[in-house]
Trainee: 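Questions regarding the structure given below will be posed in turn.
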Number of protein chains: 2
Amino acid sequence: MRLTHKQFREIAWNHGLAATHQRQVVYEAVIASHGHRSPEDIYASVRKRIPHISLATVYNNIRLFVDRGLLREVTPHAATLRVDGNLKPHHHLVCSRCKAVQDVEADFIDFKRLAPHIPDGFDLTRPVVEVFGLCRQCRTKTARKPK
Amino acid sequence: MRLTHKQFREIAWNHGLAATHQRQVVYEAVIASHGHRSPEDIYASVRKRIPHISLATVYNNIRLFVDRGLLREVTPHAATLRVDGNLKPHHHLVCSRCKAVQDVEADFIDFKRLAPHIPDGFDLTRPVVEVFGLCRQCRTKTARKPK
DNA sequence: CTCCTCTTTTATAATAATTATCAACCGATA
DNA sequence: TATCGGTTGATAATTATTATAAAAGAGGAG
Ligand SMILES: [Mn+2]
Ligand SMILES: [Mn+2]
Ligand SMILES: [Zn+2]
Ligand SMILES: [Zn+2]
């Protein structure tokens, strides 16, 4: 989706960001895709319009956009592998800030409402769900960084 | 949790794995922790019992255990950042094998059943949920690798 | 137990994603 | 025009993970 520079300036301004050309093109590339894209992927799109843009600029701006709430992060876990020795089916509660994971034993999925929205062929025989929120520590404004 | 070598051999055997000492100690370290641990973290525990173990061995065995179903992966997303330009609250359906993400618009969380299990202080005011399963392509045995 | 074969382990190098550094640049303003 | 603070971009650094290949170990046959 293309925006006028005025439109983008409005959006950026509302989030406390200067409206640079690079920023606008990165933002448009994400919005236009209607998908769930990676920085490399966005970089590829953006280069069609700004061939000499730096990959670092794409990363910088994506990170800024996520931090300021213009974009949502689709991979909100810890960045590194975590494993669980508990094989009993259970769900997880994940803190969006510090990434801590807790078990949730409850059975809280309403399959009657979920089923009609599952695409044909998708296998949900043993569904595992993660619910994201903010843990108590992180809810306070002086929250510490993830370990 | 400690196991006799015989007990571990039984477990490993059932999953088609040879029962080496390193494997047993790595496995015990994960199970004993009752948590959601990283390879580095597990490595630190294991070194207390096998000081000269290689980090690669820890990684190798964790990966094997996950592949063979002795452990569950807590971070089943694509390993790299993905962003979403759609800020309308919505949930995601994630393929555990190829990591593809699709939107789910349905409202399928039964808060009555979930609420009693949420720890005190956890902020769920705008809950975002991810449901994991297998997409149609990946459900077939000849599924291709993630892009 | 001994020998054999195949697997696993280990040290190390390689790869890949992301972040840090910092000089050059830009646009607004005095 | 000179200045100033934020931004960009080339590049180096960092971090997590995987690949490589030689040495050690596991398990099975005899
Ligand atoms: Mn768990
Ligand atoms: Mn989405
Ligand atoms: Zn937290
Ligand atoms: Zn899939």
Trainee: If you compare all heavy atoms of A:Val101 against all heavy atoms of B:His36, which two are closest, and at what distance to 0.1 Å?
Mentor: O-ND1, 3.3 Å
Trainee: Looking just at side-chain N and O atoms, do A:Asp103 and A:His91 make a donor-acceptor pair shorter than 3.5 Å?
Mentor: no
Trainee: Could you tell me if the side chain of A:Ile53 sits less than 4.5 Å from the side chain of A:Tyr43, heavy atoms only?
Mentor: yes
Trainee: Rounded to whole Å, please give me the gap between NE2 in B:His5 and C1' in D:dG27.
Mentor: 11 Å
Trainee: Which residues in residues 11-32 of chain B have a heavy atom closer than 4.0 Å to any atom of DNA chain D?
Mentor: B:Trp13, B:Ala19
Trainee: A:Asp84 and B:Gly35: which non-hydrogen atoms are nearest, and at how many Å?
Mentor: OD1-O, 3.9 Å
Trainee: Distances for protein N/O vs nucleotides 17-24 of chain D N/O pairs under 3.5 angstrom?
Mentor:
residue	atom	partner	partner atom	Å
D:dT17	OP1	A:Leu81	N	2.8
D:dT17	OP2	B:Tyr59	OH	2.3
D:dT17	O5'	B:Tyr59	OH	3.4

Trainee: Is the shortest side-chain heavy-atom distance between A:Asp41 and B:Arg82 below 4.5 Å?
Mentor: no
Trainee: Looking only at side chains, do A:Arg47 and A:Ser45 share a donor and an acceptor under 3.5 Å apart?
Mentor: no
Trainee: Taking the side chain as C-beta and beyond, is there a heavy-atom pair between B:Gln22 and B:Arg49 under 4.5 Å?
Mentor: no
Trainee: Got B:Asn86 and A:His34 here, is their nearest side-chain heavy-atom distance under 4.5 Å?
Mentor: no
Trainee: Starting from the 5' end of DNA chain C, give me the residue, B:Asn61 or A:Arg9, whose nearest nucleotide shows up first.
Mentor: B:Asn61
Trainee: Taking the side chain as every heavy atom from C-beta outward, state whether A:Arg72 and B:Leu87 have any pair of such atoms under 4.5 Å apart.
Mentor: yes
Trainee: Name the first nucleotide and the last nucleotide along DNA chain C (5' to 3') that come under 4.0 Å of a heavy atom in chain A.
Mentor: C:dA17 to C:dA20
Trainee: Heavy atoms, side chains only, cut-off 4.5 Å: are A:Pro119 and B:Leu93 in contact?
Mentor: yes
